[in-house]
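Working notes for the structure below.
Model, not experiment: these values are computed from the prediction.
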Amino acid sequence: MREWASGFLGLRARDAFMKLKSILLVAMAVASVPAFAHFETYYGVLSGANEVPANSSPATGWARVTLDLDLFTMRVEAQFSGLTGNTTASHIHAGNGPGTNGGVVTTLPSFPGFPLGVTSGTYDNTFDMALASSYNPTYIANNGGTVSTAFNAFRSKLLLGHAYYNIHTTTYGGGELRANLQAVPEPGTMIAVGAGLAGIAARKRRKKA
C-alpha cells in the first residue's frame, strides 16, 4: 500500500512539474517576442480596373502605406511599370470606398520626390504627419481645420478601406493606376492569432485524449 501511495504521489509530482515546465516555456517564449511599435499598414494592388471610371491600362504595380502612431509618421511606398503615358502626379485620395472618387489628402500637385515623366519606377518616402505641409490644405480645411483633425479623418478612411493611392499620367489625367488601400494585420496581431489557434488545437487534442 505504501509503495502504491508513493508511486501515485510521484506521478502527481511529475505531472505538476511538467505543467510548471510548460508554463515557464510559454512565459519565456512570450518574453522573447520583441515589443512592437504601434504600426498600421495598408496595401493595395495598382490597376487601371480600379479607377473610376475603369480603364484598360496594362500597367501593374502596388502601393503600401505604413502609419507609425508613436512617431506620427506615414511611410509611402510604391512600385509601378508599363504605364501607357508618362507620370504627371501621384497622391492619396479619400472617398467612400472602392468604386467611388474622393478628394486628395496628401501633398499637391504630387508626392515630393515622386518620379515624374516616366512609365515605370519606384517610390519610398516618409512624411511627418504632424506638419501641415504633409497634407492638401483643402483637406485640412474640410476636416476640422487642424492637422490633428485631418489626420484622424484620414486614418478613419484608411481603417474603413475608403482611401486609395492614385498615379496620374499624360494618357489618363484622372488616374491611370489606382490601389484601393486595405489594412494588413500587424505582427503583434498575427502572434496573438497564432497563439489563439495553438490553444484551440491543444484543447482539441486533450478532448480526444
Side-chain angles (χ1 to χ4, degrees), residues 33-48 50-52 61-80 87-116 121-169 172-193:
V33 175
F36 291 100
H38 296 93
F39 290 116
E40 289 179 357
T41 302
Y42 303 87
Y43 180 86
V45 174
L46 286 164
S47 167
N50 291 333
E51 291 286 354
V52 181
W62 56 268
R64 179 167 56 226
V65 173
T66 305
L67 298 182
D68 186 329
L69 301 179
D70 292 325
L71 298 179
F72 212 57
T73 61
M74 176 178 70
R75 182 182 181 185
V76 178
E77 302 168 85
Q79 182 174 313
F80 59 94
T87 53
T88 57
S90 181
H91 29 236
I92 296 174
H93 299 246
N96 292 309
T100 68
N101 290 320
V104 177
V105 176
T106 54
T107 53
L108 290 173
S110 184
F111 283 127
F114 185 84
L116 301 178
T122 60
Y123 184 67
D124 188 347
N125 198 11
T126 299
F127 297 86
D128 184 345
M129 301 308 286
L131 300 178
S133 57
S134 295
Y135 302 81
N136 172 6
T138 301
Y139 189 79
I140 294 177
N142 291 343
N143 288 278
T146 69
V147 168
S148 178
T149 55
F151 177 80
N152 289 335
F154 175 44
R155 183 176 174 229
S156 295
K157 288 291 186 179
L158 284 167
L159 289 168
L160 289 169
H162 290 179
Y164 59 93
Y165 185 101
N166 216 20
I167 296 178
H168 302 260
T169 68
Y172 296 97
E176 181 165 345
L177 291 180
R178 176 190 294 197
N180 296 314
L181 299 169
Q182 301 293 325
V184 177
E186 62 178 294
T189 301
M190 296 305 293
I191 289 172
V193 171

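Within the 3.5 Å criterion, the main-chain N or O of Leu108 finds no donor-acceptor partner in the side chain of Asn136. Between the His93 side chain and the Gly102 main chain, a donor and an acceptor come within less than 3.5 Å of each other. Between the side chain of Tyr139 and the main chain of Phe154, a donor-acceptor pair closer than 3.5 Å is present. A donor-acceptor contact shorter than 3.5 Å links the side chain of Asn101 to the backbone of Val52. Between the side chain of Gln182 and the backbone N or O of Tyr43 there is no donor-acceptor pair closer than 3.5 Å.
Using bins of under 30°, 30° to 60° and over 60° for the plane-to-plane angle, the ring pair Phe80/Phe114 lands in the parallel bin.
Applying the side-chain contact (heavy atoms from CB on, under 4.5 Å) test between Met74 and each of Thr66, Thr106, Leu158, Asp68 identifies Thr106 as the sole match.
In terms of heavy atoms, Gly175 sits closest to His168 at N-ND1, 3.4 Å. Closest approach of Ser90 and Ser110 over heavy atoms only: N-OG, 2.9 Å. Residue Gln79 comes nearest to Leu46 through the heavy atom pair O-CD1, 3.8 Å, listed as atom of the first residue, atom of the second, then distance. For the residue pair Leu181 and Ile92, the shortest heavy atom distance occurs at CD1-CG2, 4.4 Å. Looking at every heavy atom in both residues, Val105 comes nearest to Ala94 through CG2-CB, 3.6 Å. The shortest heavy-atom contact between Asn125 and Pro112 is ND2-O, 3.5 Å.
Ring to ring, Phe151 and Phe72 are close: their centroids are under 6.0 angstrom apart. With ring centers used as reference points, Phe111 lies under 6.0 Å from Phe127.
The CG atom of Asn143 lies 10.0 Å from the CG atom of Asn152; values are rounded to the nearest 0.5 Å.
Using a 4.5 Å cut-off on side-chain heavy atoms (C-beta onward), Arg155 and Leu69 make contact. Considering only heavy atoms from C-beta on, His162 stays 4.5 Å or farther from Thr100 through its side chain. With contacts defined as side-chain heavy-atom distances shorter than 4.5 Å, the pair Thr107/His91 does not qualify.
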Quick one: do Tyr164 and Asn166 satisfy side chain to side chain donor-acceptor pair (under 3.5 Å)? Show the steps, please.
CA-CA 6 Å; Tyr164 59 93; Asn166 216 20; 5.3 Å; no
Yes or no on side-chain contact (heavy atoms from CB on, under 4.5 Å) for Tyr165 and Arg64, after CA distance, side-chain angles and deciding distance?
CA-CA 9 Å; Tyr165 185 101; Arg64 179 167 56 226; over 6 Å; no
List the steps, then state whether side-chain contact (heavy atoms from CB on, under 4.5 Å) holds for Leu116 with Thr87.
CA-CA 5 Å; Leu116 301 178; Thr87 53; 4.2 Å; yes
Walk me through whether Leu67 and Tyr42 qualify under side-chain contact (heavy atoms from CB on, under 4.5 Å).
CA-CA 8 Å; Leu67 298 182; Tyr42 303 87; 4.2 Å; yes
